[in-house]
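So the structure is just underneath, and the comments pick up after that.
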Amino acid sequence: MPATTSWADKLKIANEGAVKLQPLELGEKNFEVAKAEVRQSAASGNSYLSIQAKVIDGPQANARVFYRLFPESNKSRPLAEVVRFVQAVGISTDWLASSNPSLDEMASAFQGRKFTAEVYIEDDARIDDYTEAPQRSIRNPKPQGAAEPTPQDTAASAPSFGQSVPGQNFPNTPTAPPVQTEDPWSAAKTSEPPF
């Protein structure tokens, strides 16, 4: 039976995939939440949020890295990390307090949101089977655009920290004064995020 795709096309696909699977360069990158879902830890049985973050600019655009958040923890450090991520993706912590969202609602709220974080290698990082390099992690999330563009970044790089980002409103930045609006959640008793 003849192949439906030529080997020239298959080789091109394989080469493009190999570039995306190269170890992510260390340092700050701009990301988008490509996928967020609730998972359960095999060790503890506790639920957590698994975030698949996609690089959105530069030579490694579309490369992926995973990030875990533990909103069900009662310890300050994991909870502080959740709050930091929520703020980095432009969601108000008031929404957390007033709506008390489920993990599924939080995962849905994160979907497609942009942020900046530092790519690093944990001390106990596993070795990736494909790249044979230590797996990368991310830390220190902050509002998207805070990463300094590298010379290799494309001309359409992200705005610098403090500039407006389409689709995200950070009212406490120097360029956007706070906007006083009616609280949409006082009348509509719903747990959907106000953004």
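The backbone N or O of R113 lies less than 3.5 Å from no partner atom in the side chain of E32, so there is not a single donor-acceptor pair. Judged by distance alone, with hydrogens and angles left aside, the side-chain atoms of S98 form a donor-acceptor pair with the main-chain N or O of D94 at under 3.5 Å. Counting only distance, with no hydrogens or angles, the side chain of R136 and the backbone of L24 share a donor-acceptor pair below 3.5 Å. Listed for the R68 side chain is no donor-acceptor partner under 3.5 Å among the backbone atoms of L49. Looking at S99, its side chain never comes within 3.5 Å of a backbone N or O of P101 through a donor-acceptor pair.
Separation of atoms CD (Q52) and CD (Q111) is listed at 9.0 Å; rounding is to 0.5 Å. Between the CZ atom of F85 and the CG atom of N140 there is a distance of 13.0 Å, given to the nearest 0.5 Å. One distance of note links CD of E37 with CG of L103; it measures 12.0 Å at 0.5 Å rounding. Note that CG of N46 is 9.0 Å distant from CZ of F70, once rounded to the nearest 0.5 Å. We find the CG-CD distance between N100 and E105 to be 9.0 Å, quoted to the nearest 0.5 Å. Atoms CZ and NZ, on F66 and K35 in that order, are 8.0 Å from each other to the nearest 0.5 Å.
Side-chain polar atoms of T116 and N30 form a donor-acceptor pair below 3.5 angstrom.
Figure legend: R139 and Y120 shown as a cation-pi pair, the cationic atom lying under 6.0 angstrom from the six-membered ring centre and within 45 degrees of its axis.
Ring pair F31/Y67: centre-to-centre distance not below 6.0 Å.
The residues K142 and E28 are annotated as salt-bridged, a charged nitrogen and a carboxylate oxygen being separated by less than 4.0 angstrom.
Of all heavy-atom pairs spanning P141 and A88, the tightest one is C-CB, 3.7 Å. Residues A34 and K54 share a closest heavy-atom pair of CB-CB, 4.0 Å. Summarising the geometry of S47 relative to E72, their closest heavy-atom pair is N-OE1, 3.4 Å, with the distance given to 0.1 Å.
Looking at heavy atoms from C-beta onward, N62 lies out of side-chain contact with V55 at the 4.5 angstrom threshold. The closest side-chain heavy-atom distance from Q60 to K29 is below 4.5 Å. Using a 4.5 Å heavy-atom cutoff, the side chains of P134 and R126 are not in contact. At least one side-chain heavy atom of T93 sits less than 4.5 Å from a side-chain heavy atom of V83. Between M106 and L96 the shortest side-chain heavy-atom distance falls below 4.5 Å. Considering only heavy atoms from C-beta on, E81 comes within 4.5 Å of L69 through its side chain.
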